[in-house]
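None of the values given here were measured: they were computed from a predicted structure.
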Amino acid sequence: MTRTTSLMILCMAILVAAPTAQDDTNTAGRYPVLEGPYLGQKPPGIRPQLFAPGIVATGMDDLNAVFSSDGNEFFFTVKLPSRGRHVMLTMRQEQGRWSAPTVMPFSGRYNDADPALSPDGKTLYFASSRPLSAAGQEKDWDIWAVDRTANGWGAPRRLDSPVNTEAMEVYPSIAGNGALYFSSSRPIGTKAGGIFRATSAAGLYPNAEVFDERIVSEYGGGDVCIASDERTIIFSSSRAGGYGNSDLYVSFRREDGAWTAPQNLGREINSPYQEYCPSLSPDGRYFFFSSYKRPEERSVPTMRSLEDILGFYRQPYNGAGDVYWVAAAGIETLREKSLR
């Protein structure tokens, strides 16, 4: 199958899964009308809700949720069954209306995931397994960047050492001052892997240090989200005492620069399944994450036809990953309690 054909199938799958509730005039083959902030979705409360069911949370293995600072661009990722291939997609709001998802122009051939925008929106950072040269072999995950040009996105470039190493580097997150946080499997003392921080110098990252040795030594740390002011950090960890698999934890920076002991974000967010890919909306009002959880009452229905089977797999909660969002007020409440 050619790359063009495979990407057409992916886009068709998204369109087939799209809901019609937001546009009563929607007919087969027409994408629903999405207008307003956050893809026109009703904002959540204190309990997590699926984000954009049928658009982002589709029944496919969906992850990541990143908005540009002006709220007019959105980036997410779909993980395909074929060798776990990750493909990054984007949507854009123009004159109040959102476009259908399209594959990023440089994505679709290799693993591409974990998008993160620079504060000025001119550079997109992401994790990829693409080779180092056109004739090279696909490798483990590294952190790459692609710059916005007058004609769209340019050619991806791999970040130099010390950000990337022979180990695996994933999940970049950018603070307001340009500091880059990311996860790496490189050794940290006697442990393998944790969270690193690299400071920006003229758009480059000439150094990379362990985020916090005390926290990393106890919690490890996978997918990481740093708040714009670098006072809140959310990350995944599979440490003992959680709800199962990997959970999401939060820590807050005190005035003296020390970080509070990480707190589990609780059973409303975490579950016996995997929680990962944390991110915050640009204004800090909403928290996004991905999860394989499904409601306890969600049982597999009896399958009587191919349509029944396809219908089940085209809906969230089918065992694949889904994207959720929730009001970030609960995180702020934890901050207030932690810093007393």
Side-chain angles (χ1 to χ4, degrees), residues 64 66 86 110-133 136 139-147 156-239 246 248-254 256-260 262 276-280:
N64 302 135
V66 173
H86 294 69
Y110 305 107
N111 278 309
D112 300 312
D114 303 341
L117 278 170
S118 61
D120 62 8
K122 295 181 179 180
T123 302
L124 181 74
Y125 297 87
F126 63 101
S128 180
S129 67
R130 61 187 55 224
L132 302 184
S133 66
K139 60 188 303 293
D140 67 354
W141 293 83
D142 286 327
I143 294 176
W144 291 66
V146 59
D147 298 318
R157 51 186 170 83
R158 179 178 180 267
L159 297 193
D160 293 331
S161 173
V163 171
N164 286 313
T165 65
E166 292 301 313
M168 180 178 68
E169 281 77 35
V170 295
Y171 217 87
S173 182
I174 315 294
N177 61 6
L180 168 67
Y181 288 69
F182 62 97
S183 298
S184 174
S185 63
R186 71 190 69 176
I188 303 176
T190 60
K191 293 183 176 291
I195 301 168
F196 287 76
R197 179 183 185 272
T199 54
S200 175
L204 302 176
Y205 293 96
N207 61 72
E209 301 176 338
V210 176
F211 151 64
D212 184 290
E213 290 193 14
R214 177 182 62 87
I215 291 176
V216 169
S217 65
E218 181 178 353
Y219 288 79
D223 297 351
V224 57
C225 168
I226 188 67
S228 179
D229 60 5
E230 288 192 280
R231 293 183 175 275
T232 302
I233 190 167
I234 304 168
F235 61 93
S236 65
S237 174
S238 57
R239 77 187 303 263
S246 67
L248 293 172
Y249 289 79
V250 64
S251 178
F252 306 100
R253 184 161 60 88
R254 301 182 185 276
D256 62 2
W259 290 86
T260 63
Y276 58 114
C277 292
S279 63
L280 289 164

Inset, instruction - Inspect the surroundings of CD in Glu218 and state if more than 12 heavy atoms from other residues, nucleotides or ligands are less than 6.0 Å away. - result: yes
Inset, instruction - Give a yes or no on whether the backbone of Tyr276 and the side-chain of Ser236 come within a donor-acceptor separation of less than 3.5 Å. - result: no
Inset, instruction - Indicate the atoms forming the closest heavy-atom contact of Gly176 with Pro119, along with that distance. - result: O-CG, 3.5 Å
Inset, instruction - For residues Phe211 and Ser183, determine if any side-chain heavy atom of one lies less than 4.5 Å from a side-chain heavy atom of the other. - result: no
Inset, instruction - Taking Arg214 for its side chain and Trp259 for its backbone only, find out whether a donor-acceptor pair lies under 3.5 Å. - result: yes
Inset, instruction - For Ser173 and Tyr181, indicate whether the former's side chain and the latter's backbone hold a donor-acceptor pair under 3.5 Å. - result: no
Legend entry - Closest contact, heavy atoms only, Leu204 versus Pro206: O-CD, 3.5 Å
Legend entry - Side-chain (Ser129) to main-chain (Asn111) donor-acceptor, under 3.5 angstrom: yes
Legend entry - Glu169 side chain to Thr165 backbone, donor-acceptor under 3.5 Å: yes
Inset, instruction - For residues Ser279 and Asn64, determine if any side-chain heavy atom of one lies less than 4.5 Å from a side-chain heavy atom of the other. - result: no
Inset, instruction - Salt-bridge test for Arg253 and Asp229: reply yes if a basic N is under 4.0 Å from a carboxylate O, no otherwise. - result: no
Inset, instruction - Enter the distance from Met168:CE to Ile143:CD1 here, rounded to the nearest 0.5 Å. - result: 10.5 Å
Inset, instruction - Quick one: pull up CG in Asp223 and CG in Asp114 and give me the separation to the nearest 0.5 Å. - result: 6.0 Å
Legend entry - Leu159 versus Ala145, closest heavy-atom pair with distance: CD2-CB, 4.0 Å
Inset, instruction - Measure the spacing between OH of Tyr125 and CZ of Phe182 and express it to the nearest 0.5 Å. - result: 12.5 Å
Legend entry - Where Ser185 and Ala167 come nearest, the two heavy atoms and their spacing: OG-CB, 3.3 Å
Legend entry - Thr199 versus Asn207, side-chain donor and acceptor atoms under 3.5 Å: yes
Legend entry - Spacing of Asp112 atom CG and Arg130 atom CZ [to the nearest 0.5 Å]: 4.5 Å
Legend entry - Ser237 side chain to Gly221 backbone, donor-acceptor under 3.5 Å: no
Legend entry - Worked check of side-chain contact (heavy atoms from CB on, under 4.5 Å) between Ile215 and Ile195: CA-CA 9 Å; Ile215 291 176; Ile195 301 168; 5.9 Å; no
Inset, instruction - Kindly indicate, with the supporting measurements, whether the criterion side-chain contact (heavy atoms from CB on, under 4.5 Å) is fulfilled by Tyr205 and Ser200. - result: CA-CA 5 Å; Tyr205 293 96; Ser200 175; 3.8 Å; yes
Inset, instruction - List the atom of Val163, the atom of Ala198, and the distance in Å for their closest heavy-atom pair. - result: CG2-CB, 4.2 Å
Legend entry - Where Ala208 and Pro162 come nearest, the two heavy atoms and their spacing: N-CG, 3.6 Å
Legend entry - Straight-line distance of Phe126 CZ to Asp142 CG, nearest 0.5 Å: 10.5 Å
Legend entry - Atom pair NZ (Lys139) and CG (Asn164), whose distance is rounded to the nearest 0.5 Å: 7.0 Å
Inset, instruction - Specify whether Phe235 and Tyr249 have parallel, tilted or perpendicular ring planes, treating 30° as the upper limit for parallel and 60° as the lower limit for perpendicular. - result: parallel
